[in-house]
Each structure stands twice: as structure tokens, then as C-alpha cells.
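Before any comments, here is the structure.
Values below: all heavy atoms of this structure, side chains included; hydrogens, waters and symmetry mates excluded. Sequence positions, counted from 1, serve as the residue numbers for this chain.
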Amino acid sequence: MTALSDSASPLYEKVKDFVLGNIGSGKWARNSRLPSEHELVSTLGVSRMTVNRALRELTSEGHLRRIQGVGTFVAPPKPQSTLIEISNIMTEIRARGGRHRAEVVVLERIVRPEPELLLAFEFDTSRPVDHSVVIHFENDLPVQLEERYVNPSLVSGYVEQDFTTAATYDYLQNATPLTEVEHLISALPASEAHARLLQIRVGDSCLVLHRKTWTGPIVATVNTLTYVGSRYSLGSRYLHGSK
């Protein structure tokens, strides 16, 4: 599908039909990244406001998933499980005899989140969001950069915790039942900020796990877990060269 329909529908509805047509035809597969808003504006000849509204509504309807700082993707089907087990890196490291420690880089409440973050939480109005960035070390070598955005209406007291001694995972599991989870995994080069925090070179390969969780119909957390590709495997959770 290469052009908008000539129906009498509003422009944003035509953009939605264009996107859904490409998904339905298989041109844009599940988990694939859509063209940027700028590219869609140029291709379709409509305003950015029109494209933004179309993508926002398709995200709310569950057809798309927008990841802050990464892009817009065709959403995979949501798993419908009432019991989700999510891995805890602290437990993993200790279970294989490693020495774990955590360093908290950021622990804050964002009073006025950016629109993209509000969209990720599917909020219809502006609401505060709690935010944490934690580096996890195995035997004093950083292996994971954990960034979480948390819905404070489901998880109280998040920014008051000491996550150097307690895992964010454990606190979240105790605070609210997680009934659905969505994962998107990608391989990305390390940014300057990530390279500094993970003690690697800019451009080094990282495995990035984007995770979104729900409690019933409400989004509980929006997370990005960045692993050093040369030190960690998402499949086996094995640290190479540990001492």
C-alpha cells in the first residue's frame, strides 16, 4: 500500500488505514519498525500532527508499540497469562556463585513525563511516573543497565527504596501482580552514555530487552534492560570470563 485511500474519512483515519494495510499485507511484519513520523509525513503528504494522531490511536488500540528513544513497532500479540515469571538478575548471579552488587544512578519521580512516555503507559492525561536507573555488577564487572519507569498508582513508595540492597524486581513483584508481559529484543551499538556506565567502548554491541508489564488492563512498568553483548547471553544468562 503506497498511498492514502480516496474515501471521505478524516485524514488521520486514512493514515491509520494505510498503516493497517501495510501490516495486514505483511509488508510490515510483527515487531518490525515503522518509518519515522518525518518519513510518513513526506510519503503521505499530510501534517505531522495528522500522522502523530494516527500512530497514537493505533498504539492505544494495540496495533503498535512505541518505545521511547527507539521508534514505533508493529505490536506482537499480547500473551494472556495470569502467572508471569520474570527473571531477577540478582538471583541469577548469586545462584551461579557470582558476587552481585547494584549501583543506583537515578531514582526520581518525573512529575511531567514526556508525551511519548505517557503514551507508553496509555495514560489519557498527564500523570507522574517513577523512574530508576540501576547498574548491575557481577564480580565488579557491569553486566546490565536497568532502566525502569513505574506507574505510582500501582506501586507506592518506589522512589523511597534502597535498591542497592533490595532488587527492583522483588519490590515490584510484591507491590502489584503482573498479569501480562511484552518483550522486544534488539541488538544495538552502545551509546556514549551507556558505554560510560557499562565500562565499554562507544559502538560495542549490546543486547537490549524492552519489557512492558501490565496489572490487568493497567500498564505497570515500561523497562529497558541493556546487556553487554560480550559479557552476557539472554538465553543462558552466563557471564563469560567470570573470576
Side-chain angles (χ1 to χ4, degrees), residues 1-80 110-131 147-154 178-188 191 208-225:
M1 193 169 182
T2 59
L4 297 180
S5 69
D6 57 1
S7 69
S9 303
L11 275 177
Y12 75 89
E13 290 286 356
K14 293 182 182 181
V15 174
K16 289 174 68 175
D17 290 342
F18 171 82
V19 173
L20 291 174
N22 279 300
I23 294 173
S25 70
K27 182 177 180 180
W28 294 345
R30 296 290 179 184
N31 288 325
S32 65
R33 194 198 316 248
L34 268 66
S36 68
E37 287 190 11
H38 178 76
E39 290 172 317
L40 289 173
V41 166
S42 178
T43 299
L44 302 177
V46 297
S47 70
R48 185 157 188 168
M49 183 180 298
T50 297
V51 170
N52 184 269
R53 177 173 178 177
L55 297 183
R56 187 172 67 248
E57 291 195 3
L58 288 171
T59 300
S60 297
E61 293 164 8
H63 300 291
L64 303 177
R65 190 64 58 207
R66 306 185 83 177
I67 300 174
Q68 186 177 23
V70 179
T72 302
F73 296 80
V74 180
K78 290 183 185 177
Q80 300 295 321
I110 302 174
V111 178
R112 295 182 179 84
E114 293 294 324
E116 194 172 39
L117 189 55
L118 295 174
L119 186 63
F121 275 96
E122 303 172 14
F123 290 155
D124 51 5
T125 59
S126 183
R127 305 181 196 175
V129 171
D130 290 341
H131 177 221
E147 182 167 27
R148 297 187 189 273
Y149 294 94
V150 177
N151 187 340
S153 69
L154 292 176
L178 302 181
T179 57
E180 295 185 25
V181 61
E182 179 179 273
H183 285 153
L184 178 66
I185 301 174
S186 55
L188 296 173
S191 65
V208 183
L209 173 62
H210 303 284
R211 175 186 292 157
K212 188 170 179 176
T213 66
W214 285 259
T215 295
I218 302 173
V219 177
T221 66
V222 176
N223 314 301
T224 302
L225 309 177

Does a side-chain heavy-atom distance below 4.5 Å link [X] with [Y]?
{"X": "V208", "Y": "L225", "result": "no"}
{"X": "L11", "Y": "L4", "result": "yes"}
{"X": "L64", "Y": "V19", "result": "yes"}
{"X": "W214", "Y": "E182", "result": "yes"}
{"X": "V181", "Y": "R211", "result": "yes"}

Counting only N and O atoms by type, is there a donor-acceptor contact under 3.5 Å from the side chain of [X] to the main-chain atoms of [Y]?
{"X": "S47", "Y": "T50", "answer": "yes"}
{"X": "E39", "Y": "S36", "answer": "yes"}
{"X": "S25", "Y": "N22", "answer": "yes"}

Spacing of [atom1] belonging to [X] relative to [atom2] belonging to [Y], to within rounding of 0.5 Å:
{"X": "N151", "Y": "T213", "atom1": "CG", "atom2": "OG1", "result": "9.5 Å"}
{"X": "L40", "Y": "L34", "atom1": "CG", "atom2": "CG", "result": "6.5 Å"}
{"X": "D130", "Y": "I110", "atom1": "CG", "atom2": "CD1", "result": "8.5 Å"}

request  = Could you label the plane-to-plane angle of the W28 and F18 rings as parallel, tilted or perpendicular, counting under 30° as parallel and over 60° as perpendicular?
outcome  = perpendicular
salt_bridge(E37, R53) N-O dist < 4.0 Å = no
message = Can you see whether E147 engages H131 through a side-chain donor-acceptor pair at a distance of less than 3.5 angstrom?
response = yes
inquiry  = So which atom in P113 and which in S126 form the shortest heavy-atom distance, rounded to 0.1 Å?
reply    = CD-OG, 4.2 Å
ask   = What residues, two or more places apart in sequence or in another chain, satisfy side chain to side chain donor-acceptor pair (under 3.5 Å) together with R56?
value = N52
